[in-house]
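In what follows, a structure is listed as structure tokens, so that the remarks can point back to it.
Order of listing sets the numbers, starting from 1, for every ligand and every atom in it.
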Amino acid sequence: MSTGKKFDADVAIIGYGPTGLSAALSLGHYGIKAIAFEREPAIYPRARAVTVNDSTMRCFQSLGLDQDLVKVLDETVALRWVTYDGHEITRLAFPPSTLGEHPRSYAIYQPKMEEVMRARMRDYTGVVDVRFGVEVVGVDQDAEGVTVTSRDLQTGADDKVRARYALACDGGSSRTRERLGVNMLGETVERTWVVIDGRVKRWWPNRHILTFWSDKQRPVVDIALALGNHRWEFPLETHESEKDFATQEQLWRLLNSLGVTDDMVEIHQHAFYKHHVRHAETWRVGRVFLLGDAAHLMPPWAGQGMQSGIRDAFNLGWKLCEVLKGRLPNSLLDTYEAERAPTVAMMTAIAVQMGRIIKQQLTEEEMAALSPPPGAPPEEPPLLRPPFLEGGWVRGSVAPDSAVGKTIPQPRVADSAGRLCLLDELLGDGFTLLGDGVDPRDLLSPAEKFGWDALGARYAKVLGADDRGDGANDIIDLGGALQTWMRGFGVRVVALRPDRFVAASDVFGLAVPAPDIREGAARAAFAALPPAA
Ligand SMILES: Cc1cc2nc3c(=O)[nH]c(=O)nc-3n(C[C@H](O)[C@H](O)[C@H](O)COP(=O)(O)OP(=O)(O)OC[C@H]3O[C@@H](n4cnc5c(N)ncnc54)[C@H](O)[C@@H]3O)c2cc1C
């Protein structure tokens, strides 16, 4: 029911899948009043996404949600490529993360993960109102706000809600995107895949290793899901159709070809889907933003589809908070697309390339390039690299040798009272300036300090474990990881954003950045994408 007030909420969230739910959590955390609309009465029961990584877990850590999630996740220790005749082409063991104490990769069981995330929303009762069984049927905006029309699917009654901003988290076939007249560019690969989910009855060798069965004809994804579930994804051949895999007997023929038998697993559910390499041509129209699958769709090979939506939500969460509280200008919100589109395009390119490996479409040179020359130091695969920005709300160059735009690592540290904890626990929700052995305020001009003070920034001096502490704002870098990281970039002070990216450093100046607005960021970022294989 509309209350007759000018605004019923600051933000309307359309769709409560993983992206909308993450947006609701992030906004709730910042105390931003929001209303979320979801047409389904309950959690979608089919597991789709299979994995989350250390950087996504760091987002959840910022809400204190990671420890609840860990109880329903299983660590993934490695991935490998094998052929049907049992030859292991290559294996990649995941190195320890630098972003905190979570491993690089977890297997999930999506319905359970969403259940745990939804349970946390109880903390935001009175801040975020979630309406189930309610479909959004209209989105209209003017200079001041957005009017969202929703329909109760049981009673057929319509309601109108007025919000300052709206987030379209309504999935790949987003009606909001259509209503805004935004085109989805890119392509859909014609081949259909069948996804088979099973419940494990007994252990088999290497069940826990994410396995890609590389084959030109029938490449397969074989992955342990959390809580005793397992997933296989098979492509249909050109002469096959969905009708050929309608019964369990027909599905077993596929599993049997990998040596999987009914004493190992029981088939739980199956579904068909096609791979998309698509993106919305723009991710913001006025006061409405597109997030998650509504903005971008990628093949599943890199396990980044859902996670990209979660990161979209966390990118916008703190920005909406700053803008709604009047601390940063509305143009900050334009940096959402500028920051997220290049990263999502990079993940999409990685997913396409991983698909080509699995389908054995690489040339010999490309294959050789996958393994570093003997003796060469192993290079961190781009998929595992900590997130970085190519522009947006940062000051100065984001070149590889610059700290600006990089994510700060998260080692164990101690506070000035001697308490040991992870870095983020000391950074909190807001902005922090960290100085290597120096109080950051000593390096700021009065104007710079005025700017950071207005944003509520805190200032901390990073000291080594052998140093003598001298103030309440000390952070003791127990293993030296922070100091090594800062010195590696030649910086004494970094200014951190709430999402742990470096916004500025003393190399390029420490003034509060101005939003770097790039028109057509999504179009530019995706222009260089390889064709979908
Ligand atoms: C087989 C498969 C495997 C995958 N594996 C991975 C993986 O390993 N890792 C990964 O990160 N991703 C993976 N993905 C992708 C991942 O599942 C999606 O990217 C993710 O679900 C997108 O989340 P979303 O919230 O943006 O959209 P959705 O999950 O589609 O959620 C949209 C929500 O909006 C609701 N909605 C839509 N329209 C309206 C409306 N008008 N009013 C109200 N509600 C509405 C829908 O009911 C739905 O709940 C996989 C996908 C598939 C199909």
Side-chain angles (χ1 to χ4, degrees), residues 12-25 35-53 55-56 76 79 105-111 113-114 117-118 130-139 148-153 159 161 166-179 188 192-197 210 221 223-226 231-235 269-276 278 280 289-313 344 347-348 350-351 354 383:
I13 302 170
I14 304 164
Y16 199 60
T19 304
L21 176 51
S22 300
L25 283 162
I35 301 176
F37 301 90
E38 170 55 53
R39 66 179 168 208
E40 298 297 330
I43 293 174
Y44 187 60
R46 197 178 292 288
R48 288 171 298 160
V50 297
T51 181
V52 293
N53 69 10
S55 122
T56 301
T76 308
L79 64 85
S105 177
Y106 280 111
I108 68 168
Y109 187 63
Q110 191 178 341
M113 180 174 147
E114 286 186 43
M117 290 166 71
R118 284 186 179 196
V130 186
R131 302 180 183 179
F132 294 102
V134 172
E135 184 166 35
V136 169
V137 293
V139 179
V148 174
T149 308
S150 63
R151 181 162 303 152
D152 185 309
L153 293 177
D159 187 27
V161 153
L167 308 183
C169 307
D170 47 351
S173 24
S174 166
R175 287 295 316 279
T176 311
R177 190 183 60 224
E178 267 176 52
R179 287 188 179 102
T188 295
T192 301
W193 288 66
V194 55
V195 179
I196 307 174
D197 280 359
L210 197 176
V221 185
I223 178 166
L225 305 183
R231 152 81 54 88
W232 291 269
E233 300 182 21
F234 293 86
Q269 54 190 15
H270 77 285
F272 299 92
Y273 80 110
K274 287 193 166 134
H275 295 166
H276 308 276
R278 292 188 176 276
F289 297 83
L290 299 173
L291 290 80
D293 278 18
H296 43 75
L297 292 163
M298 67 178 80
W301 310 110
Q304 289 289 325
M306 178 190 75
Q307 301 196 80
S308 296
I310 292 172
R311 290 193 206 113
D312 292 348
V344 176
M347 289 302 171
T348 308
I350 292 171
M354 287 179 77
L383 184 60

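- F132 meets the ring pair (Phe, Tyr, Trp, His ring centres under 6.0 Å) test with Y16; sequence neighbours excluded.
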Can you produce the list of protein nitrogen or oxygen atoms under 3.5 Å from a nitrogen or oxygen of ligand 1, alongside each distance?
| residue | atom | partner | partner atom | Å |
| --- | --- | --- | --- | --- |
| ligand 1 | 5 (N) | R48 | O | 3.2 |
| ligand 1 | 8 (O) | V50 | N | 2.8 |
| ligand 1 | 9 (N) | G303 | O | 3.1 |
| ligand 1 | 11 (O) | G303 | O | 3.2 |
| ligand 1 | 11 (O) | G305 | N | 3.2 |
| ligand 1 | 11 (O) | M306 | N | 2.6 |
| ligand 1 | 11 (O) | Q307 | N | 3.0 |
| ligand 1 | 12 (N) | G305 | N | 3.4 |
| ligand 1 | 12 (N) | M306 | N | 2.7 |
| ligand 1 | 19 (O) | D293 | OD1 | 2.7 |
| ligand 1 | 19 (O) | D293 | OD2 | 3.4 |
| ligand 1 | 19 (O) | M306 | N | 3.2 |
| ligand 1 | 21 (O) | R48 | NH2 | 3.4 |
| ligand 1 | 25 (O) | P18 | N | 3.3 |
| ligand 1 | 25 (O) | T19 | N | 3.0 |
| ligand 1 | 25 (O) | T19 | OG1 | 3.3 |
| ligand 1 | 26 (O) | T19 | OG1 | 2.8 |
| ligand 1 | 26 (O) | D293 | N | 3.0 |
| ligand 1 | 29 (O) | R48 | NH1 | 3.3 |
| ligand 1 | 29 (O) | R48 | NH2 | 2.7 |
| ligand 1 | 38 (N) | R39 | NH1 | 3.4 |
| ligand 1 | 41 (N) | V136 | O | 3.2 |
| ligand 1 | 42 (N) | V136 | N | 2.9 |
| ligand 1 | 44 (N) | R39 | N | 3.2 |
| ligand 1 | 47 (O) | E38 | OE2 | 2.6 |
| ligand 1 | 49 (O) | E38 | OE1 | 2.7 |
| ligand 1 | 49 (O) | E38 | OE2 | 3.1 |

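- Partners of T188 by side-chain hydrogen bond (donor to acceptor under 3.5 Å, both in side chains), not counting sequence neighbours, listed by chain and number: H276, R278.
- Among residues two or more places apart in sequence or in another chain, the side-chain contact (heavy atoms from CB on, under 4.5 Å) test is passed with V194 by I196, F234, L236, L251, L254, H270, F272.
- Considering CZ of R39 and CG of D170, their distance stands at 8.0 Å, rounded to 0.5 Å.
- Taking CD of E38 as the reference point, atom CD1 of I14 lies at 11.5 Å (rounded to 0.5 Å).
- The only option from T51, V52, V50 that meets the side-chain contact (heavy atoms from CB on, under 4.5 Å) definition with Y106 turns out to be V52.
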